Asks: 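Structure incoming, see below.
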Amino acid sequence: MSSSAEGRPRVALSVSSFGAAGPEPLEALRAAGVEVLENPHGRKLKEDEVAELVRDADGVIAGTEPLTAGVLEGAGRLKVISRVGVGIDNVDLAAAERLDIAVRNTPDAVTDAAAELALGGMLAVLRHLHHMDAELRAGRWTRTMGTLLRGKTVGIVGLGRIGRRVAALLAPFEPVLLAHDVQPEDSWAAEHGVTLLSLERLLAESDVVTLHVSGGGQIIGRTELMETMKEGAVLVNAARGGLVDESALHDALASGRIGGAHVDVFADEPYEGPLAELSNVLLTPHAGSYAREARAMMEEEAVRNVLEHLGGGSA
Ligand code: 8YV
């Protein structure tokens, strides 16, 4: 196995949470003779913090913290970035390539967890579960009438692994399924009863819009929220914060133009902001993959990936 100057290879855990689903991944790293550098903050690291943690590391097991060109240039012996997760939008891929740093991810392990969270978010928002829970805790017996998911038109933006799983989970609700994808696969859509549309038409026709693209910039801005989307529609974003204009979403929810939303991901995480003042939005802390079984799989795979690249064989 390749190693640091002191002999043992160093692997930095810059991901915000590691080992919470079980000790095996950490044990596997240590059993492989790795020196583990833990995230000292226990939350998503900022650029300067991740830079410091990975400076002397040979490998990094990473979450969604910014692995910018500056961070990678400052990590002189880094050979591999192993993402615990599927999205690699936080990694400067051009810099990684230039610096000969391999980038790996765990593309399948998150699928069920992320898709189930999105389904849960839809149901919760349609029936105002979070609002009624808050009311009851405040001593008020408030029954807020919701709407069914059954038979609704659901627009899935991004028809990759997670988007497809969402489509499958939705099937028993007998929805009209619409989807938009930058690389549409007509045969899959036809086989699964999904109608492929432009983003604009999908937004105009859907009662519920759920996002499943990883990165790529904003796609739901003020115009989409205030004009294109259906009056009273529900938006679910368990993909990436940057996809939605948060301030426009706040205004659209506050005015009732958008009926409700589940937001799991934010432009800046941890999120503190005005969406928290609205009762028609369910907020969760980027927890799409945070289900025990998924997490265990993701971490095991991430350890395997890092050890493979450091020449340590299988974990
Ligand atoms: C995070 C995710 O990676 O897979 C992704 O792209 O956004 C999440 O699963 C994960 O929570 C960070 O450990």
Side-chain angles (χ1 to χ4, degrees), residues 11-26 29 36-47 49-50 53-54 59-68 71 80-93 96 103-121 157-166 210-217 219 236-244 262-271 283-306:
V11 172
L13 302 178
S14 64
V15 61
S16 58
S17 160
F18 193 82
E24 295 83 0
L26 209 47
L29 272 179
V36 175
L37 310 174
E38 298 200 35
N39 174 341
H41 302 281
R43 56 155 169 78
K44 180 168 169 176
L45 297 179
K46 299 187 193 322
E47 188 171 349
E49 295 167 339
V50 66
L53 186 69
V54 305
V60 55
I61 293 189
T64 54
E65 58 286 350
L67 290 162
T68 60
V71 170
V80 55
I81 296 166
S82 176
R83 272 278 290 113
V84 185
V86 59
I88 48 175
D89 51 304
N90 59 318
V91 181
D92 187 323
L93 294 173
V103 180
R104 302 284 302 269
N105 66 348
T106 61
D108 294 307
V110 300
T111 305
D112 284 322
E116 288 186 14
L117 187 92
L119 176 66
V157 182
L159 211 46
R161 293 173 183 81
I162 299 171
R164 289 176 186 201
R165 185 71 192 134
V166 168
T210 184
L211 308 182
H212 299 289
V213 294
S214 108
I219 55 173
V236 174
N237 184 11
R240 282 294 178 266
L243 297 172
V244 178
H262 171 208
V263 184
D264 182 56
V265 287
F266 303 86
D268 265 322
E269 297 173 354
Y271 176 76
L283 303 174
T284 50
H286 199 144
S289 72
Y290 222 60
R292 191 168 305 284
E293 301 87 338
R295 213 60 207 184
M297 254 196 291
M298 291 159 73
E299 293 182 1
E300 273 164 39
E301 197 176 332
V303 166
R304 227 177 10 251
N305 288 341
V306 89

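Start at 1 and go down the list; that is how both ligands and their atoms are numbered. A quick note: this is a predicted structure, and the numbers were derived from the prediction, not measured.
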Asks: With a 4.5 Å limit on heavy-atom distance, are the side chains of His212 and Val157 in contact?
Replies: no
Asks: Before you tell me yes or no, could you show the steps for Glu269 and Lys44 under salt bridge (Lys or Arg N to Asp or Glu O under 4.0 Å), namely the whole-Å CA-CA distance, both residues' side-chain angles and the distance that decides it to 0.1 Å?
Replies: CA-CA 7 Å; Glu269 297 173 354; Lys44 180 168 169 176; 3.7 Å; yes
Asks: Is it the case that the side chains of Thr106 and Arg83 hold a donor-acceptor pair, with the cut-off being a distance below 3.5 Å and no angle test?
Replies: no
Asks: May I have every N or O pair linking ligand 1 to the protein at under 3.5 Å, one per line with atom names and distance?
Replies:
unit_1   : atom_1 : unit_2 : atom_2 : d
ligand 1 : 3 (O)  : Arg83  : NH1    : 3.1
ligand 1 : 3 (O)  : Arg83  : NH2    : 2.7
ligand 1 : 3 (O)  : Val84  : O      : 3.0
ligand 1 : 4 (O)  : Val86  : N      : 2.7
ligand 1 : 6 (O)  : Arg83  : NH2    : 3.1
ligand 1 : 6 (O)  : Val86  : N      : 3.4
ligand 1 : 6 (O)  : Gly87  : N      : 2.7
ligand 1 : 6 (O)  : Arg240 : NH2    : 2.7
ligand 1 : 7 (O)  : Arg240 : NH1    : 2.8
ligand 1 : 7 (O)  : Arg240 : NH2    : 3.2
ligand 1 : 7 (O)  : His286 : NE2    : 2.8
ligand 1 : 9 (O)  : Ser289 : OG     : 3.0
ligand 1 : 11 (O) : Ser289 : OG     : 3.3
ligand 1 : 11 (O) : Arg295 : NH1    : 3.2
ligand 1 : 13 (O) : Val84  : O      : 3.4
ligand 1 : 13 (O) : Arg295 : NH1    : 3.4
ligand 1 : 13 (O) : Arg295 : NH2    : 2.8

Asks: Sequence neighbours excluded, which residues qualify as salt bridge (Lys or Arg N to Asp or Glu O under 4.0 Å) partners of Arg43?
Replies: Glu49
Asks: Ignoring hydrogens and angles, state whether a donor on the side chain of His262 or Thr284 is under 3.5 Å from an acceptor on the partner side chain.
Replies: yes
Asks: Only one of Val103, Ile61, Val11, Val306 passes side chain to side chain contact (heavy atoms under 4.5 Å, CB included) with Val80; say which it is.
Replies: Val306
